[in-house]
Amino acid sequence: MTLTATAKAAPPPPSGPAAARPSAVRRAWRAFSPYAYIAPFFTLFAAFGLFPLLYTAFVSLYRVELQTPGDMEWRGLGNYTALFTDEFFWTSLRNTFTIGVLSTVPQLAMALGLAHLLNYKLRGRTFIRTAILLPYATSVAAATLVFAQLFGRDFGLINYALGLVGFDPVDWQTGTVASQIAVSSIVIWRWTGYNALIYLAGMQSIPSELYEAAEVDGASRWRQFLHVTLPGLRPTIVFTVVVSTIGATQLFGEPLLFEGSISGGIAHQYQTLGLYMYEQGWGFFHLGRAAAIAWVMFVLILLLVGVNALIARRRSRKEAGR
């Protein structure tokens, strides 16, 4: 009697549209949930990345002054033509390239050597890895102010050391080559340890069987480095070259704080594109021309990254065809 009453009281299972509704909602959620998860990133990117980029391109076509940002006068490509006829633009472009080479090549070479040494079993490896990362954690302002004192003409430690070996004092803030070497040394000091740890992580991902096979074949450590480590690190090296190229193109803090001048020295001898843009926008109040410089830097970065990627792709194809 009880079982019969319970069976009569139980509602029948849903059928028709009511049964299909939960599965349809579940399928819709599975289809759109990935987009919901990544929506915050794209929202922030659109607000703080894409919109400023497009608005900068819009401003670069107008004459805009910092004192009256609401008064915009159409110039078309006038800011770009005025930019390319300015000798200081070409000076800053040349300085950016020179400082970029002086800082990037030694930096990555030293980082590769440090990573190769740290890849072996050494005492205190953890302490050494932490120590070489400390310059990266140091603020650019503190590092630049210290190096400005080290490269002082009259009381700097660098000139004192040069005097001990018989060299005359060098005016590191006035000479073109000397000032660029001084600024490059700040970049090298700050970023060598960071790149060394990236290389070290790449080295530790190389299978140890390759080193064992090379050792069995009688290869020395130098040959193991050339024929095992470097080929295995090629993607990591390309990554660090691209990132260092972007950083060199956008170099700003080190040359600004080295002497405290937005002109990059008396004769603009170490003014980079970043300093030149700052000088035009906040020194001369030409926001439209500063926006044009920003877009020139953006296109230049795209070209440099594209050239690096093309060279890396050609080398990989050439080695694959051997």
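The basis for the numbers below is simple: all heavy atoms, side chains too, and nothing from hydrogens, waters or symmetry mates.
The closest donor-acceptor contact from the side chain of Asn159 to the backbone of Arg153 lies under 3.5 Å. With hydrogens and angles disregarded, a donor-acceptor distance shorter than 3.5 Å links the side chain of Ser185 to the backbone of Ala182. Under a 3.5 Å cut-off, the side chain of Ser205 and the backbone N or O of Gly202 do form a donor-acceptor pair. Proximity of a side-chain donor or acceptor of Gln280 to a complementary backbone N or O of Leu287 within less than 3.5 Å is not detected.
Following chains of ILVMFWY side-chain contacts shorter than 4.5 Å, one cannot reach Leu310 starting from Val238, and the two form parts of different hydrophobic clusters. One hydrophobic cluster, built from ILVMFWY side chains closer than 4.5 Å, holds both Trp282 and Tyr62. Residues Leu61 and Phe89 share a single hydrophobic cluster, defined by chaining ILVMFWY side chains whose heavy atoms lie under 4.5 Å apart. Grouping the Ile, Leu, Val, Met, Phe, Trp and Tyr side chains by contacts below 4.5 angstrom, directly or via other members, places Val64 with Leu77. Cluster annotation: Ile237 and Val307 are assigned to distinct hydrophobic clusters (Ile/Leu/Val/Met/Phe/Trp/Tyr, side-chain heavy-atom contacts under 4.5 Å, transitive).
Shown here are the side-chain contact (heavy atoms from CB on, under 4.5 Å) partners of Arg129, two or more places apart in sequence or in another chain: Leu118, Arg125, Leu197, Leu200, Gln204. The side-chain contact (heavy atoms from CB on, under 4.5 Å) check on Val177 picks up Ile181, with sequence neighbours excluded. When the salt bridge (charged side-chain N to carboxylate O under 4.0 Å, His left out) test is applied to Arg223, no partner is found at least two apart in sequence or on another chain. Residues meeting the side chain to side chain donor-acceptor pair (under 3.5 Å) test with Glu279, sequence neighbours left out: Gln271. Legend: residues meeting side-chain contact (heavy atoms from CB on, under 4.5 Å) with Phe155, ordered by chain and number and at least two apart, are absent. Contacts of Tyr211 classified as ring-ring contact (aromatic ring centres under 6.0 Å, His included), with partners at least two apart in sequence or in another chain: none. In this structure, Thr176 has no side chain to side chain donor-acceptor pair (under 3.5 Å) partners at least two apart in sequence or on a different chain.
Distance check: Ile188 CD1 to Ser103 OG gives 6.0 Å after rounding to the nearest 0.5 Å. Here the straight-line distance linking atom CD1 of Ile158 with atom CZ of Phe167 works out to 13.5 Å at 0.5 Å rounding. The structure places CH2 of Trp189 at 9.5 Å from OG1 of Thr144, a figure rounded to the nearest 0.5 Å. Atom OG1 of Thr192 is separated from atom CG of Leu133 by 12.0 Å, given to the nearest 0.5 angstrom. Taking NE2 of His268 as the start and OG1 of Thr91 as the end, the distance is 8.0 Å to the nearest 0.5 Å. Put simply, OG1 on Thr272 and CG on Leu93 are 11.0 Å apart, with the number rounded to the nearest 0.5 Å.
Closest approach of Met277 and Ala294 over heavy atoms only: SD-CB, 3.7 Å. Closest of all the heavy-atom pairs between Ala291 and Val59 is CB-CG1, 4.1 Å. For Ala115 against Ala196, the heavy-atom pair with the smallest separation is CB-O, 3.3 Å. The two residues Leu233 and Tyr199 come nearest to each other via the heavy atoms CD2-O, 3.7 Å. Of all the heavy atoms in Gln224 and Ala214, the pair that sits closest is CG-CB, 4.0 Å. Counting all heavy atoms, side chain and backbone alike, Ala178 lies closest to Val170 at CB-CG1, 3.8 Å.
Classified by interplanar angle (parallel below 30°, tilted 30° to 60°, perpendicular above 60°), the ring pair Phe225/Trp222 is parallel.
Counting non-hydrogen atoms of other residues, nucleotides and ligands closer than 6.0 Å to CE of Met110 gives a total of 12 or fewer. By the 6.0 Å contact criterion, CZ on Phe239 is open, its count of non-hydrogen atoms from other residues, nucleotides or ligands being 12 or less. Within a 6.0 Å radius of CD1 in Ile266, no more than 12 heavy atoms belonging to other residues, nucleotides or ligands are found. Annotation: Phe84, atom CZ; neighbour count of heavy atoms from other residues, nucleotides and ligands within 6.0 Å is above 12.
Pairs passing the side chain to side chain donor-acceptor pair (under 3.5 Å) check and including a residue from residues 77-88, sequence neighbours excluded, read Ser60-Tyr80, Arg75-Asn79, Asp86-Tyr276. Residue pairs meeting the side chain to side chain donor-acceptor pair (under 3.5 Å) criterion with at least one member in residues 283-299, sequence neighbours excluded: Glu65-His286.
Gln107 places a side-chain heavy atom less than 4.5 Å from the side chain of Val187. Contact of the Arg94 side chain with the Thr98 side chain is registered, since non-hydrogen atoms from C-beta on lie closer than 4.5 Å. Residues Tyr194 and Ile132 are not in side-chain contact: their nearest non-hydrogen atoms beyond the backbone lie 4.5 Å or more apart. Side-chain contact check for Met203 versus His116: some heavy-atom pair is nearer than 4.5 Å. Put simply, the side chain of Phe151 does not reach to within 4.5 Å of the side chain of Gln173, judged on heavy atoms.
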Identify each donor-acceptor pair in which a side-chain atom of residues 134-142 lies under 3.5 Å from a protein atom, sequence neighbours left out, and give them as a table.
unit_1 : atom_1 : unit_2 : atom_2 : d
Thr138 : OG1    : Leu134 : O      : 3.0
Ser139 : OG     : Ala142 : N      : 3.3

Which atom pairs, one a donor and one an acceptor, fall under 3.5 Å between side chains of residues 40-57 and the rest of the protein, sequence neighbours left out?
unit_1 : atom_1 : unit_2 : atom_2 : d
Thr43  : OG1    : Ala39  : O      : 2.7
Thr56  : OG1    : Pro52  : O      : 2.6

Which donor-acceptor pairs under 3.5 Å do the side chains of residues 244-265 make with protein atoms, sequence neighbours left out?
unit_1 : atom_1 : unit_2 : atom_2 : d
Ser244 : OG     : Thr240 : O      : 2.8
Thr245 : OG1    : Val241 : O      : 2.6
Thr249 : OG1    : Thr245 : O      : 2.8
Glu254 : OE2    : Arg190 : NH1    : 3.4
Glu259 : OE1    : Tyr270 : OH     : 2.8
Ser261 : OG     : Ser263 : N      : 3.2
Ser261 : OG     : Ser263 : OG     : 2.7
Ser263 : OG     : Gly265 : O      : 3.1

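For the residue pair Gln269/Asn95, the side-chain donor-acceptor check at 3.5 Å is not satisfied.
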